[in-house]
Amino acid sequence: MSAAAAARVGRFYTSARRHPWVLGKVADWKIPLGPYTPAQIAVAVGGGFLLVKTIGWWSWMGPVPIVGWVLVIWMVRRPKVRGRATMQAALGWVLLGWQPRGGRIGGRAARDRAPHPMLGGFTIEAAPAPHPAVHAAPARAVKQRPARAPRPSPAAGRPSSPRRTQPAAPAGPVSGVQQLLALAQQGGAR
């Protein structure tokens with residue numbers, strides 16, 4: 001590093017940077033009872049408009065509403081809401097109320113999907129009949145798997161009332177041991 005780059009830097013901020021933005025002060029001259037902050041100007045304009053429009057309601061009270069209006073203008077002079085100026089705090093509350101309750105995902109409002117009932121059912125059917133080639137095959141022959149029948153779609157042909165089926169008894173021996181037993185009972189085994 002060079003000696004010039006390692007030099008210390010000092011900064012001096014003028015009083016304009018240290019003070020809040022105000023209206024009504026030019027050089028050494030200022031508006032009577034001023035200068036005014038943006039919050040004071042907003043309360044003065046909004047409150048004055050409200051007082052003019054509702055004069056029929058409060059005129060019997062005399063100068064009390066006007067004195068209250070002036071006090072409110074004075075009170076909002078330098079308020080801080082958790083260290084923030086009044087206008088910025090009010091804007092923050094408005095933006096918080098504007099946000100969707102579930103937050104945002106990718107700039108869009110995050111919402112849960114609507115709940116819906118999950119419907120389903122099942123049918124218990126009888127076991128498929130064994131393949132006819134199993135009966136004629138000798139005991140030592142290699143068995144082939146029977147071809148599966150195509151399954152019907154679950155929604156096709158649903159009866160309105162539940163169907164009850166009787167379990168079917170096996171038509172013949174299914175396993176190799178059952179085939180050997182059947183052959184022994186017939187007298188064909190040695």
Side-chain angles (χ1 to χ4, degrees), residues 20-21 37-54 56-58 68 72 75-76 78-190:
W21 180 71
T37 64
Q40 284 178 299
I41 294 169
V43 168
V45 171
F49 180 77
L50 187 68
L51 284 174
V52 168
K53 290 296 184 181
T54 61
W57 293 352
W58 59 266
V72 170
M75 285 176 15
V76 297
R78 287 190 194 151
K80 296 284 183 182
V81 178
R82 293 190 181 177
R84 296 173 65 193
T86 311
M87 297 300 276
Q88 284 82 9
L91 179 64
W93 282 104
V94 168
L95 291 177
L96 179 66
W98 192 278
Q99 291 293 321
R101 192 170 69 180
R104 293 187 182 273
I105 297 176
R108 302 178 84 188
R111 291 188 171 82
D112 291 333
R113 291 184 178 158
H116 59 281
M118 197 167 190
L119 303 174
F122 60 92
T123 305
I124 300 175
E125 296 181 359
H131 197 270
V134 173
H135 295 290
R140 294 183 191 174
V142 177
K143 292 190 301 183
Q144 295 180 354
R145 290 187 176 173
R148 291 186 177 177
R151 294 183 179 183
S153 70
R158 279 194 182 150
S160 59
S161 63
R163 181 173 39 163
R164 297 177 193 249
T165 58
Q166 296 293 332
V174 179
S175 69
V177 174
Q178 289 176 338
Q179 288 177 358
L180 288 174
L181 288 173
L183 284 174
Q185 289 175 353
Q186 293 173 2
R190 293 188 185 197

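The analysis underlying the following values was restricted to heavy atoms, covering all of them including side chains, and did not include hydrogens, waters or symmetry mates.
Applying the side chain to side chain donor-acceptor pair (under 3.5 Å) rule to Arg108 yields no partners; only residues at least two apart in sequence or on another chain are considered.
For Ile105, the CD1 atom sits in a loose shell: 12 or fewer heavy atoms of surrounding residues, nucleotides or ligands are nearer than 6.0 Å.
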Side-chain atoms of residues 109-118: list all donor-acceptor pairs with protein atoms under 3.5 Å, sequence neighbours left out, distances to 0.1 Å.
none

